[in-house]
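First up is the structure itself, then whatever we jot down about it.
Throughout, residue positions are numbered sequentially from 1 according to the sequence presented. When reading the values below, keep in mind they use all heavy atoms of this one structure, side chains included, and skip hydrogens, waters and symmetry mates.
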Amino acid sequence: MASNHTVVTEPHFLFGKLTFDSIPYHDPILVTTFSVVVIGSIGLLGAITYFGKWKYLWDNWFTSVDHKKIGIMYILTALIMLIRGFSDALLMRSQQAIALANESGAGYLPPEHYDQIFTAHGVIMIFFVAMPLIVGLMNIVVPLQIGARDVAFPFLNSLSFWLFVVGALMLNISLFLGEFAATGWLAYPPLSGIDYSPWVGVDYWLWSLQISGIGTLLTGVNFVVTILRMRAPGMSLMKMPVFTWTSLCANVLIVAAFPILTVTITLLTLDRYMGTHFFTGDMGGNQMMYVNLIWAWGHPEVYILILPAFGVFSEVTATFSRKRLFGYSSLVWATAAIMLLSFVVWLHHFFTMGAGASVNAFFGIATMIISIPTGVKLFNWLFTMYKGRVEYTSPMWWTVAFFITFTIGGMTGVMLAIPAANYVLHNSLFLVAHFHNVIIGGALFGYFAGITYWFPKATGFTLNETLGKWACGLWTVGFFLAFMPLYVLGFMGMTRRLNYYENPVWNMWLLVAGAGALIILCGILVQFYQIFASIRDQRHNRDMTGDPWNGRTLEWSISSPPPFYNFALLPAVRDRDHFHDMKNLGLAYKKPKQYHRIHMPKNTWAGVVISGFSLVMGMAMVWHIWWLAILGTLGMIGSFIVYTFEKQKDYYVEIDEVEAIENAHYERVAHANDKRDDNAAPVTISI
C-alpha cells in the first residue's frame, strides 16, 4: 500500500502505468498479507474444485436472481470486508498506541502507509460493510414482508450485487498492486487532484466507488418500485411493516442522493484524466464545490445507513415485547421527516470552512430539528417495551445496547450542531468518536440485531443464543473502551488523522482505546464462531414451523428457508400485524383448496459477465491501459445487448411442484406441533 512513486512516467501503450515496481514487494506487512491471501485463495479454489462444486455455485448462486440468495451473498461479502476494514482499524489503533513509546516517536507504519490505511478503513466500512449489510437484509426480508415473490427487476438485482463485488475487488487489489488513495475516505481536492496525488491511488478510489455506486443506485430504483408496486392485496402504505417503511425511505434517499455522488466522482475523474478544472483553485474551479457536493450526498448517506436499522429495532422490539409497536403512525411520519430533513443539514460537516454566520446558523438549527424525529423513535421503542413481556434474546440485547450507545451519539451530535462548539471540536477526535457512536452504536448494532433475528428465516435454523449474547457484550464493552477515550482526547486537543504525537498525556487514553479495539476483535471472532457453531449444530436449532420467534409479520408465515417462489398464494392482508392476527384467530397455516402455476424469472449469466467486463474496464482505467478499457467497455455493452435479445427469461412453476413443496412444509409444522409441550399453544392446520 505504501508507495515511493514520486515520478510518474508516460504510460506504455500495452501496459499503461503498470510496471514491476507497481508491486509493493519492499513492504513486509503487505508481502505477508499477500502471501496469506494467496495461500488462502488457492486452498479455497482447490477445495471447490476437489469437491466438484463449481457447477453448483454457478447454477445456484452466481447466476441466481433469487432475492434471498442475493441477500445472503451481500451479507457474506460484507462480513469478509469487515475483516479487512477492522484490520485497518487495528493497525491505526496500534500505531497511535505505540507511536510515543517508539524511540523515533513515529510508530511502525510509514506516514504514506498510514494515510492509505485510514482512507481504506473509512471507504471499506461505509461502502463495503455497512451498505451491503443493510442491502442484504433488505433483499432477504422486504419482498417477504410485503407478500411478493421477488423484487421488481430480478436481473438488475443480480447486476447490482456483482457491480458491488467488483468495487470491493478493486479496493482489495490496490493493496497488492499499486496503492490506495492517501486522501481521507472522501478524497477532498486539491489533495486528490493529479498534482498532489499523481499515481494510481485516487484512481482506485474513483473507479471502485463509481462502479459499486452505480450498483447501489440500481438497487435503490429496484426497491422503490418493488415496495410501491408489488405489495400483497390489501397492504396499504400504512399497513406496511416498519422495516419495509424504513427501507422505502432509505431507497428513496439512494435514488435522490447517489446521482450526486456519481456526478461528483465523474467531475473529479475529468479533472484527473482530462485536465479540467472543476475542483482546482485556478481556471475557474472551486474545491468548496466538491465539498458541498460530496456532503450533499454524504449526509443522506448517513440516514441511508441508519433508517433501515431503525426498522430492525422496531420489528425486534415489537416481537420480543409481545405487543403491537407503540405509536406506529408517529414512527412512520418521523421516518419520512428524517428522509426529507436529511437533505438540508449537509453543511454542518464543514462549519469551519467559512460559509458565514447566517448559513451556519441555518444548518445548525436544521441539524437540531432533525434530532427530534429521531428522539421520537427512541420513545416509541421504550413505550413498546413498557408493560410488555420482554424476552431478552440476543436480538434484544443488540437493541438495548443500541439504546445506550446511540443516545450518547445523538447528544454529542447536538453538541456538534452548535457552530461555535463545532469550531473547537470539528478537527478533533471528539468528532471521530461521535461518528462511530452513530454508525457502530446505531447502524451496525442494528444490522447485527437484524441478522440474528432473520437468520432462521434465511437458513432454517437459529443462531446460537449464548454466543450471540457474548458477541453483543464484547462489542458493547469494547465499543465504550475504544471510543469514549476519543471524546476525552478531543477535549484535550488531539486532532484527527495523526500518525504520531509528542504529548505523553494522550498515551494512556490511546492505550485504553487500543484495548477496546482488541475487545471488539474478540466480539467479531465470537460472531464468526457463532455462525460456525450454529451451522455445525443446526439439527438442534432447526426451525420446523418457519416462525421460531412467534413473529408478527408476513415473512414468518411461510417455511424457513422460504421456497424459491416465497408464497404459494399471495396473502390478502388485513392488518400490519397480519400474521399475528391470523394466529390468534386460528387462521394461520391454512392449506388452500387449490394451487396455481407461478410465474418466476430464470437465472441469468448476464450480471456476472457484465460486471466482469466492468472489472476489466475499471482496472484498465486505473492503469491507463486505454485499449483494454475500450475492450472492457465494449464487452459490457455487447453482453447487455446479447441479454436483451434472449427470449426465455422466465418460466412457470407447475402446480404439482408447488403442491409437493407446500405439503412438505405443512407436514413439518404438524410434526413440530406434536412435539410442543402441553402448555404451549398448538399450531392449527386446517384444510
Side-chain angles (χ1 to χ4, degrees), residues 67-68 137-152 222-249 251 308 311-312 314-319 322-333 335-336 380 384 450 453-454 457 545-596 598-600 658 662 665-666 669 683-686:
H67 66 95
K68 302 177 291 294
L137 282 175
M138 289 191 294
N139 262 287
I140 293 170
V141 177
V142 168
L144 300 178
Q145 283 200 332
I146 64 174
R149 292 205 169 102
D150 210 312
V151 294
N222 209 343
F223 275 95
V224 169
V225 176
T226 299
I227 295 170
L228 292 181
R229 302 297 298 169
M230 297 185 68
R231 300 190 305 278
M235 182 178 282
S236 63
L237 288 174
M238 295 307 288
K239 290 180 183 176
M240 292 196 309
V242 175
F243 181 73
T244 300
W245 254 114
T246 56
S247 297
L248 173 62
C249 292
N251 282 285
V312 171
S314 300
E315 303 291 346
V316 168
T317 303
T319 296
R322 304 304 173 198
K323 57 187 287 194
R324 286 172 73 87
L325 186 68
F326 178 87
Y328 171 88
S329 297
S330 64
L331 200 150
V332 168
W333 284 110
T335 302
N380 284 132
T384 301
Y453 181 60
W454 282 302
K457 177 50 57 184
T545 67
D547 182 26
W549 308 123
N550 190 19
R552 309 179 71 85
T553 45
L554 277 180
E555 72 269 27
W556 303 110
S557 66
I558 56 178
S559 63
S560 296
F564 59 92
Y565 51 76
N566 291 350
F567 297 90
L569 293 177
L570 297 182
V573 176
R574 305 177 185 181
D575 187 78
R576 67 175 184 269
D577 288 338
H578 176 77
F579 184 51
H580 177 264
D581 292 344
M582 295 292 284
K583 287 187 287 188
N584 286 342
L585 295 172
L587 300 175
Y589 304 104
K590 191 172 185 179
K591 283 186 179 180
K593 294 181 179 179
Q594 68 178 72
Y595 296 101
H596 305 285
I598 298 175
H599 182 250
M600 293 296 294
V658 175
E662 293 300 311
H665 169 54
Y666 287 119
V669 173
V683 177
T684 303
I685 302 178
S686 52

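Closest of all the heavy-atom pairs between W556 and G551 is CD1-CA, 3.6 Å. Here the closest non-hydrogen pair linking C249 and T335 is SG-CG2, 3.6 Å. Of all heavy-atom pairs between A568 and R149, the closest is O-NH2, 3.0 Å. Closest approach of H578 to A572, counting heavy atoms only: CE1-O, 3.1 Å. Across every non-hydrogen atom of G327 and S330, the tightest pair is O-OG, 2.7 Å. Contact detail for L144 and I558: the closest heavy-atom pair is CD2-CD1, 3.8 Å.
Residues forming a side-chain contact (heavy atoms from CB on, under 4.5 Å) with K583 (at least two apart in sequence, or on another chain): D547, N550, F579, A588. Shown here are the side-chain contact (heavy atoms from CB on, under 4.5 Å) partners of I140, two or more places apart in sequence or in another chain: I72, I75, A458. Take D150 and apply the side-chain contact (heavy atoms from CB on, under 4.5 Å) test, not counting sequence neighbours, and it matches H67, P154, P601. Under the rule for a salt bridge (Lys or Arg N to Asp or Glu O under 4.0 Å), K239 has no partner lying at least two apart in sequence or in another chain. Looking at residues two or more places apart in sequence or on another chain, you find no ring-ring contact (aromatic ring centres under 6.0 Å, His included) involving F567. In terms of the side-chain hydrogen bond (donor to acceptor under 3.5 Å, both in side chains) criterion, residue partners of T244 (sequence neighbours excluded) are, by chain and number, Q145. Every residue meeting the ring-ring contact (aromatic ring centres under 6.0 Å, His included) condition with F243, not counting sequence neighbours, appears here in chain and number order: W454. With sequence neighbours left out, H599 forms a ring-ring contact (aromatic ring centres under 6.0 Å, His included) with Y652. With sequence neighbours left out, the side-chain contact (heavy atoms from CB on, under 4.5 Å) criterion links S560 to K457, D543.
R576 CZ to Y328 OH: the interatomic distance, rounded to the nearest 0.5 Å, is 6.0 Å. Distance CD/E662 to CG/L569: 8.0 Å, rounded to 0.5 Å. The structure places CG of L248 at 10.5 Å from CE of M138, a figure rounded to the nearest 0.5 Å.
Within the 4.5 Å cutoff, side-chain heavy atoms of T226 are placed close to those of I146. Counting only heavy atoms from C-beta outward, the side chains of P308 and L137 never approach each other to under 4.5 Å. Using a 4.5 Å cut-off on side-chain heavy atoms (C-beta onward), S557 and M582 make no contact.
Listed by first then second residue, pairs satisfying salt bridge (Lys or Arg N to Asp or Glu O under 4.0 Å) with a partner in residues 552-563 read R552-D577, not counting sequence neighbours. A salt bridge (Lys or Arg N to Asp or Glu O under 4.0 Å) check over residues 565-575, counting only residues at least two apart or in different chains, returns the pairs R324-D575.
Between the side chain of N566 and the backbone N or O of A148 there is at least one donor-acceptor pair closer than 3.5 Å. Counting only distance, with no hydrogens or angles, the side chain of T384 and the backbone of F326 share a donor-acceptor pair below 3.5 Å.
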May I have the step-by-step check of side chain to side chain contact (heavy atoms under 4.5 Å, CB included) for W549 and V316, ending in yes or no? CA-CA 10 Å; W549 308 123; V316 168; over 6 Å; no
Side chains of residues 230-238: which donor-acceptor pairs under 3.5 Å do they make with residues two or more places apart or in other chains?
unit_1	atom_1	unit_2	atom_2	d
R231	NE	M235	O	2.7
R231	NH1	I227	O	2.9
R231	NH1	L228	O	3.3

